[in-house]
Amino acid sequence: MIPITSKLPQTGTTIFTVMSALAAETKAINLSQGFPDFDCAPQLTKLVAKAMKDGHNQYAPMAGLMSLREQISIKTEKLYGAVYNPDTEVTVTAGGTQAIYTALSAVIHPNDEVIIFEPAYDSYAPAIKLMGGVVKSLELEPPDYRIPWDMVKRLITNKTRMIILNSPQNPTGTILSMADIDELTAIVKSQDILILSDEVYEHLVYDGQEHHSMARYPELRKRSFITVSFGKLFHATGWKVGYCLAPANLMQEFRKVHQFLVFSVNTPMQAGIADYLKDENVYAGLPDFFQQKRDHFREGLSQSRFKLLSCQGSYFQCVSYQGLTDEKDTDLAIRITNEFGVASIPVSAFYSKGTDHHILRFCFAKRQETLDKAVERLLKV
Ligand code: GLN
């Protein structure tokens, strides 16, 4: 064996892969990894198939098909009143995770500090470390998981290069409020701090609340990479198509990396999505669609012994089992999968220190009958 020095010695296989594999092996209902168990719109697959038949099968331009970048720009302006130039400020990526990785590798130098809020999507910290960056994580406290801005201020040094935000937040389902935006603006305003804003759940905001995209606020927008996912938008997570928005000077650096990481993203998906996106009704109904699922799932689980945490956005519902058992959340998630047939994600997987507040995350992007069956089983726990 040739010896190698691991660049990520503490990192194992992502919890999403582990729990989805266990669910498949045990034939459990899979509420772990975040993806729908229903198909995307037939009209969308039709448009993609048509693009293939029409011969859109060679490389797309490095930054993405112009027709798609234009539609993304139109959508962003409609939603957030912000104009992004499709030529210089929009790049199509192979999903949200690639966009995040690319943005980090474009701007993070060795020893640069990056602030993240944990529990956090599990790709942030390893990606920062691979760039030689230093992860400065701030642990948020359940049940509210609000960002303690006074502590953020104290974490900032002259090495702070970036803050990563994620609203709606995975896994906690919290969203940034206007007060958060004001605090954030006050902190970054006088500094050269960049923002990576993971907005893949932008349409999944409930109870009539607003999504505070970084695109809306000039002081934030000028320093932000915004990453978005068509997988989440169109119930097609397997397509791995998303995009990044950033001001031209940041996007120029982003594309330098993107061109050597993926070069370009598959053409027929882009052509099909560009056509489909012309009709804004394809996303206008998403908050209601998922809010019904959230409400249905919460109502069912309210009869269980779990304590429901609030869910203002995303397609994840967290529950606490504090007081029910002392088991570690990873052990309990595995046991519930094996013994009761429902897979979830233990929230400790989203902390670099593995902090365990005895909380599990369930994905409710599922058909009603799946949710009903899962609830029936979870009531027995
Ligand atoms: N974002 C999804 C989740 O949190 C999964 C993404 C992935 O598996 N890479 O479940």
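When a ligand or atom number is given, it counts from 1 through the structure's own listing order.
- With no hydrogens or angles considered, a side-chain donor-acceptor pair links Glu202 and Tyr80 at under 3.5 Å.
- Between the choices Lys232, Arg361, Gln33, the shortest heavy-atom distance to atom 2 (C) of ligand 1 belongs to Lys232.
- Here His203 and Phe289 keep their ring centres 6.0 angstrom or further from each other.
- Counting only heavy atoms of the protein, atom 10 (O) of ligand 1 lies nearest to Gly34 N, 2.6 Å.
- Residues Thr355 and Glu118 bring no donor and acceptor atom of their side chains to less than 3.5 Å of each other.
- In this structure, the ring of Phe364 has its center no less than 6.0 angstrom from the ring center of Phe290.
- Looking at Gln312 and Asp207, their side chains never bring a donor and an acceptor atom within 3.5 Å of each other.
- Using a non-hydrogen distance threshold of 4.0 Å, Tyr201 registers as a contact of ligand 1.
- Using a non-hydrogen distance threshold of 4.0 Å, Phe316 registers as a contact of ligand 1.
- Between Asn170 and ligand 1, a contact under 3.5 Å exists for at least one N or O pair.
- Counting heavy atoms closer than 4.0 Å to ligand 1, residue Tyr121 contributes side-chain atoms (C-beta onward) but none from N, CA, C or O.
- For His357 and Tyr145, the distance between ring centers is not under 6.0 angstrom.
- Ligand-side atoms of ligand 1 in range of Phe16: 3 (C), 4 (O), 7 (C), 8 (O), 10 (O), range being under 4.0 angstrom from any heavy atom.
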